[in-house]
Engineer: 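Got a structure for you, written out below as structure tokens; questions coming shortly.
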Number of protein chains: 2
Amino acid sequence: MTLSELARELNVSIATISRALNRPDDVAPSTRERILAAVHRNGKYQPGKARWLRAQQTRTIGVVISDIRNPFFAAFVKSIEDIAKDNGYTVLVCNADEDSEKEEAALSMFLDRKVAGLINCSTGGNVALLRAVRQSGAAIIDFDRESGLENTDVVTADNVRGTALAIQHLISLGHRRIATIAGPQHLSNARTRLEVYQRSLARAGIEIVSQYAQSGNFQAESGYECTRKLFKLSKPPTAVFVANLEMCSGLITFVRETGIRVPADLSVVTFDDAFWMRYIDPPITAIAQPVEKMGQYTIQLMLERLRGSRGAQRKMFAPKLIIRQSTAAPPGK
Amino acid sequence: MTLSELARELNVSIATISRALNRPDDVAPSTRERILAAVHRNGKYQPGKARWLRAQQTRTIGVVISDIRNPFFAAFVKSIEDIAKDNGYTVLVCNADEDSEKEEAALSMFLDRKVAGLINCSTGGNVALLRAVRQSGAAIIDFDRESGLENTDVVTADNVRGTALAIQHLISLGHRRIATIAGPQHLSNARTRLEVYQRSLARAGIEIVSQYAQSGNFQAESGYECTRKLFKLSKPPTAVFVANLEMCSGLITFVRETGIRVPADLSVVTFDDAFWMRYIDPPITAIAQPVEKMGQYTIQLMLERLRGSRGAQRKMFAPKLIIRQSTAAPPGK
DNA sequence: CCGACTAATGTAAAGCTTTACATAATATTT
DNA sequence: AAATATTATGTAAAGCTTTACATTAGTCGG
């Protein structure tokens, strides 16, 4: 039912109805009641598509996440939502699946549909499109990775510190043959994690073996594959640093299938913590990011930007090393 | 940049540009190239909000899921997406968090933004709104739960069979004090699971103890709470059937904290399987739903509906009982 | 009781695309 | 070569709301 039909029925102008719905104070209480009552009665009037044509604000925040199956992003979305809702915003999620093409589709969609704000876990490309989104008036925040868009807020974990903690932990246990299952190198966070892995080894005077650095795509299957490759080497590593949760799942599947003992044969430390890591056998040593805090911070920042505050800032959250039983001294020590 | 600006620049009519973008065959190859080139050059023209005003198709499928942190829904979305993308559709996700109010916001949003199709994991209310969405021309499919909307396709697991399998498994192990951590009773699937639990016990001649049926809200915390309540009883159960994954996580946290031994003190079987259930200690006996298949079926059905096929159907997928080590004979047997 | 102000409502423009229909140009048929 | 069909483009309407501005009615101070 359109405004004009409703208007005819109630004998008021379209404008009055629109006002009664959008700026209730601008219309006399009596008419307002009459209109609102009718709106409810008639199977609820729903503002149609033309709304966004004129409306300045859309009260919608788009979120592009990179992997909906990764609990890290799920928790992130969840923590954003409650605060957004309390402030009258709806959160719309698109899953890019670490795929730049899908990200492009998601961004176009958000641009089309004119979101007020965009929180983006970038795959790395699509800068031009992001620029267009910004041009359309949306506030943009990079989360977890940097998109490369100039002059943007970015909220991430402190990847340098997190990775350093993990590697140092392995070194201090006596490991020297330390591998990594790295993420795709077009992602800023994956790059940092790999660089710091290399730097930490170098600093400790450990020779860097190129085959010890396998690159996956942040999804489970690739974690499985990379682990397999590591154990095909003539001198397999005694410890491995996995760059994210999903790839760690893949690693777990592999070691369980093949009977590799953790930590007796292989020590494992991974970026990202999950509920179940504490409970599996053995419990996994992990670098935990404070997801909830990060989510809350991000949405608060977004709300500020939507209120008009300016200036780009870069915020990093300190991750924590949670030592569990998947890491121990290497065999023969 | 709007079409009219572009039109002036290229010396063609707005209509021609619109056609070049939307129905490339309707425009001469030479002009088409010229237009497309310009469109690219100029920081890429992005169709604006007015597009949806006239366009018949939006090529967008909205999905309202009930809990983004539940891997079941995450996997569902994932399996939908690939096929949707191959068919030129974008998937937009809203998280209702088992909260009818949030669901309402999500549905209004999708109505506003005019999605072509809606896949809904209903919280139970909002039928009027769903009707409005349908009226707007969208195809609607209920997934996992029934919304109550008349004449709708619904895709679910066979909850009757799944629950019966679980309870029979416990009974056949010799359990008689069987509890359940049920879901919120306004959800159709939670209702079915509870009913079948009761019916199965009755059929086996087991007395139904009302305190053995605790209702949670399908989220982790409530699983924790319900377990706590069960163990406060003077005669705690020897087995429990948990109605979904997240509540099972809560249960696990509780039994680990308190040192309750599974399955020695308590046998556990849960609806929904997850990657990690196989690997935790002890591995959890679970009712696995064929999520991927369900997702693929749902999106295929949606695509058919969008192509114009009519008639509502109800499809159920058979779940499987995966017996692991969390279930055993009760103590003293 | 008049003028000035306020409050409530109406009028109409703006917003930007898609597409039915009209027109012009070109190709094809007889 | 004329008549007809086809192709390419243009014109303009339709789509439905929001909101600036105009209008009307009502209030209040002097």
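Letters A, B, ... are given to chains in the order of the sequence lines, protein chains preceding strands, and every chain is numbered from 1. The shown structure was predicted, so the numbers you read here are calculated from the model rather than taken from an experiment. Any value given below was found using the heavy atoms of this structure, including those in side chains, with hydrogens, waters and symmetry copies removed.
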Engineer: Quick one: A/R23 CZ to C/dT9 P, roughly how many Å, whole number?
Structural biologist: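 To the nearest whole Å, that distance equals 16 Å.
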Engineer: Starting from C1' on C/dT9, measure out to CZ on A/R34 and report it in whole angstrom.
Structural biologist: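 My rounded result for the distance is 12 Å.
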Engineer: Respond yes when some side-chain nitrogen or oxygen of A/S13 is under 4.0 Å from OP1 or OP2 of C/dT11, and no when none is.
Structural biologist: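 No, A/S13 has no side-chain N/O under 4.0 Å of OP1/OP2 on C/dT11.
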Engineer: With a 4.0 Å cutoff (strictly under), does any side-chain N or O of A/T31 reach OP1 or OP2 of C/dT9?
Structural biologist: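 Indeed, a polar side-chain atom of A/T31 lies that close.
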Engineer: May I have the distance from A/R32 (atom CZ) to C/dA7 (atom C1'), rounded to whole angstrom?
Structural biologist: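 Whole-Å distance recorded here is 13 Å.
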Engineer: Starting the side chain at C-beta, find the nucleotide from C/dA8, D/dT18, C/dC16 nearest to B/T2.
Structural biologist: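 Closest nucleotide among those given: C/dC16.
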Engineer: Give a yes/no on whether any side-chain N or O of A/R19 is located under 4.0 angstrom from OP1 or OP2 of C/dA8.
Structural biologist: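 For C/dA8, neither OP1 nor OP2 has a side-chain N or O of A/R19 closer than 4.0 Å.
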Engineer: Salt bridge or not between B/K102 and A/D82? Use side-chain N to carboxylate O under 4.0 Å.
Structural biologist: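 Answer for the salt bridge query: yes.
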Engineer: From CD1 of B/I17 over to P of D/dG10, roughly how many Å is that when rounded to an integer?
Structural biologist: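 Distance, rounded to whole Å: 9 Å.
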Engineer: Output the rounded distance in Å from CG (A/N22) to C1' (D/dA20).
Structural biologist: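 Atom CG in A/N22 sits about 15 Å away from atom C1' in D/dA20.
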Engineer: Does OP1 or OP2 of C/dT18 have a side-chain N or O of B/S18 closer than 4.0 Å?
Structural biologist: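 Answer yes for this pair, as a side-chain N or O of B/S18 is under 4.0 Å from OP1 or OP2.
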Engineer: How long is the line joining CG of B/L3 and C1' of C/dA14, in whole Å?
Structural biologist: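 Going from B/L3 (CG) to C/dA14 (C1'), I get 17 Å.
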Engineer: Tell me yes or no: between the side chains of A/T152 and A/D142, is some donor less than 3.5 Å from an acceptor?
Structural biologist: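 No, because no side-chain N or O of A/T152 sits under 3.5 Å from a partner of the opposite role on A/D142.
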Engineer: Here's a test of your reading of the structure: between A/S30 and B/I14, which maps to the more 5' nucleotide of DNA chain C?
Structural biologist: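 Going by which nucleotide is closer to the 5' end, it is A/S30.
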Engineer: Specify the separation, in whole Å, of atom CG of B/L10 and atom C1' of D/dG10.
Structural biologist: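 Rounded to whole Å, this separation is 15 Å.
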Engineer: Students often get this wrong, so: under 4.0 angstrom with heavy atoms, is A/D26 touching a base, only sugar-phosphate, or nothing?
Structural biologist: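 The residue A/D26 makes base contact.
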Engineer: Under 4.0 Å, heavy atoms only, any strand: does A/A15 hit a base, just the sugar-phosphate, or nothing?
Structural biologist: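 If one applies the 4.0 Å heavy-atom cut-off, A/A15 turns out to touch a base.
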Engineer: Is the closest side-chain donor-acceptor distance between B/T156 and B/D144 under 3.5 Å?
Structural biologist: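 Result is no, nothing qualifies.
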Engineer: Within 45 degrees of the ring normal and closer than 6.0 Å to the centroid, is that where the cationic atom of B/K293 sits relative to B/F317?
Structural biologist: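 Output no; distance or angle outside limits.
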Engineer: Without decimals, in angstroms, what is the distance between B/L21 CG and C/dT19 C1'?
Structural biologist: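 It works out to 14 Å between those atoms.
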Engineer: Can a donor-acceptor pair be found between the side chains of B/S18 and B/R23 at a distance below 3.5 Å?
Structural biologist: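 No - no donor-acceptor pair under 3.5 Å links their side chains.
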Engineer: What's the closest nucleotide to the side chain of A/P29 if the choices are D/dT9, C/dA8, C/dT17?
Structural biologist: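 Among the listed nucleotides, the one closest to the side chain of A/P29 is C/dA8.
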